[in-house]
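Per chain, numbering begins at 1; letters A, B, ... match sequence-line order.
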Amino acid sequence: MPISMQKVRTRYAPSPTGYLHIGGAWMAFFNWLFARSQTGAFILRIEDTDRTRSTEEYERAILEDFHWLGLDWEEGPDVGGPAGPYRQTERSHLYRQYAQTLLDRGAAYHCYCTPEELEAERQRARVAKQPYRYSGRCRNLTPEQRAEFERQGRRPTIRLRIHDDGETIVVNDLVRGRVEFDPEHLDDHIIVRSDGSPLYNFANVVDDHTMAITHVIRGIEHLSNTPKQWIMYQALGWEPPQVAHLSNILGTDHKKLSKRTGDTAVRDYKRAGFLPEALLNFFALMAWYPEESREIFSVRELIERFRLKDLGKASPVFDMAKLTWMNGVYMRELLQRDPGRVVDACLEPLRHAGLLDGQVTAQTHAYIRQVVEVLGDRIKVGRDILTYGDFFFTDAVTYEPDAVKKYFSQKTAATMLAQLRDRVAKVDRLDAAAVETIIRTMASELRIESREIIHPARLALTGKTAGPGLFELTALLGRDRVVQRLDSAVEWIRRLPDSRGV
RNA sequence: GCCCCCAUCGUCUAGCCUGGCCUAGGACAUCGGCCCUUCAAGCCGGUAGCGCGGGUUCGAAUCCCGCUGGGGGCACCA
């Protein structure tokens, strides 16, 4: 195989049983980062042995999400490569071959125990409060016994033979250091099912080796699997890869990240209008600070500074507030440099809210861009265009109840807004300066503060008390929409039951 | 029940390896204030942490032991 053994090769191996999970993306990111920092290769492998739950749609979606994040791969199911195929279901011949090798070497054996018999063993252990270990009944079957089982129609599984008197297995974890395992606590576990399909721990070993993976960065749940895998590497005469185990991301409830405490799919973040570069920056900080007193790093900088040993060992809590802040930092920068991308991040949320349908024409795009410029740094995440500026996309303005009490309940509100309406209707071109003049003039004529007009006007035009400056938003809305909304507001106020209808 | 991993502000973390520079640094969040037509942003300031108990040492967040707490594993799941 023409794969250079010196070159660093990392991989991420998702199961296509759902959309790309934040935790998975996080793990993949460090594999990718390490490969890039070592000018190595990053490989994508699909672990689709769970036929009942795996689908092609999910596989496609996962690749899409990786593309969106900006993580690329040298070898994978879509691009192929020298170590292919890159889907486990297409690699059965390899598992079969190496299982036979293990059998031939006596490192593995056929086991004819049925699931029911095994469950009974497990049950006994539970009752006796003893740790469960396979009884080893099939370890030394005679040819006659085997023949008898075969006659009964039993289909055997293949088990790995672990020696009780084996030496301590040492795992040199790149982030945790040396971890020792006594084989006494290991079990002759099944590596091939009775239907001939491989189990995770075995397929993993075969795949990582045949794909010449040099470094494996994975979740802490695999640390306990590592000694089992090391035994297989040894039996096969292979050199195991370097490993690093990271703790999993936790939700705010300090439990495994779940839908309850926030979005778990990368796709959800895309839809909400997060930026991939912000997400990646945030990912990095959940395990490591490249420099003290600094939070914002480009992917380029992260690659340059990445050191496996610097990764943290504890489980980070996914802090949505910090991600949102960080996304805002990136948004503000983009607003100056590339506002079109801010617009893009707002598209999905607008569509989702039903405020945008069909193809986005050049005019629509240009309009949204104006909205984005008026909203400015209020947009920390794409969906903020809704919270601060939905009124730019619909005439159906709903007034905030608290604000109504505050600004629409005075007797003068309706007359004042009506007067403003008339003044606005008279101008030809309603730009920000014109509105400002109108309002300031009107305020001084009425001997009131400008803000006494501004607040009710904002409510009439936007339905909200928070948002962009009144003059700017009015200019974008345009004279006609402003007049029309002021009319609606006046009418609405006059219909209020407790209004004296001045 | 057994095995493994982890433990600094509410949260992410720096410091820990190579004890003293740590009256523990930064950031998010939070609370004040400034700015201001509101909000956001920005600026200024504040609150807040070495899980506990023993050692070792002149000196421990840093080294050792125990405990507690959290997480993971012990499948014909991945």
Under a 3.5 Å limit for both distances, which nucleotide forms a Watson-Crick or G-U wobble pair with [N], could you say?
| N | result |
| --- | --- |
| B:G42 | B:C34 |
| B:U18 | none |
| B:A27 | B:U11 |
| B:G69 | B:C6 |

Tell me, please, the opening and closing nucleotides of RNA chain B, 5' to 3', among those with an atom under 4.0 angstrom from a non-hydrogen atom of chain A.
B:G1 to B:A78

For [N] and [M], measure between their [atom1] atoms and round to the nearest Å.
| N | M | atom1 | value |
| --- | --- | --- | --- |
| B:G33 | B:U11 | C1' | 25 Å |
| B:G69 | B:G46 | P | 38 Å |
| B:G10 | B:A24 | P | 15 Å |
| B:A7 | B:C44 | P | 34 Å |

Classify the nucleic acid contact of [X] as base, sugar-phosphate or nothing, counting any heavy atom under 4.0 Å across all strands shown.
| X | value |
| --- | --- |
| A:His245 | nothing |
| A:Tyr388 | sugar-phosphate |
| A:Leu199 | sugar-phosphate |
| A:Asn225 | base |
| A:Ser194 | base |
| A:Ala13 | nothing |
| A:Pro316 | sugar-phosphate |
| A:Arg332 | sugar-phosphate |
| A:Ser293 | sugar-phosphate |
| A:Lys322 | base |
| A:Ser315 | sugar-phosphate |
| A:Arg133 | nothing |
| A:Lys380 | sugar-phosphate |
| A:Thr49 | sugar-phosphate |

A:Tyr233 ring center near A:Trp230 ring center (under 6.0 Å)
yes

Students often mix this up, so state it plainly: with edges at 30° and 60°, are the rings of A:Phe149 and A:Tyr112 parallel, tilted or perpendicular?
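Judged by the thresholds at 30° and 60°, the geometry between A:Phe149 and A:Tyr112 is parallel.
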
Look at the rings of A:Phe306 and A:Phe30 and say which category their plane angle falls in: under 30° parallel, 30 to 60° tilted, over 60° perpendicular.
parallel

Any sub-3.5 Å donor-acceptor pair from A:Asp187's side-chain atoms to A:His189's backbone N or O?
no

I'd like to know if the side chain of A:Asn201 reaches the main chain of A:Ile191, judged simply by a donor and an acceptor atom lying under 3.5 Å from each other, with no hydrogens or angles considered.
no

Examine the side chains of A:Arg423 and A:Gln419 and answer whether a donor and an acceptor come within less than 3.5 Å of each other.
yes

Nearest nucleotide by nearest heavy atom, which residue falls closer to the 5' end of RNA chain B, A:Arg294 or A:Arg458?
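Final value for this comparison: A:Arg294.
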
Could you check A:Glu436 against A:Lys255 and say which one's nearest nucleotide on RNA chain B is further toward the 5' end?
A:Glu436

Could you note down all residue pairs passing salt bridge (charged side-chain N to carboxylate O under 4.0 Å, His left out) where residues 447-469 of chain A supplies at least one of them, sequence neighbours left out?
A:Asp390-A:Lys464

Here the salt bridge (charged side-chain N to carboxylate O under 4.0 Å, His left out) pairs for residues 198-207 of chain A, sequence neighbours left out, are A:Arg45-A:Asp207, A:Arg91-A:Asp207

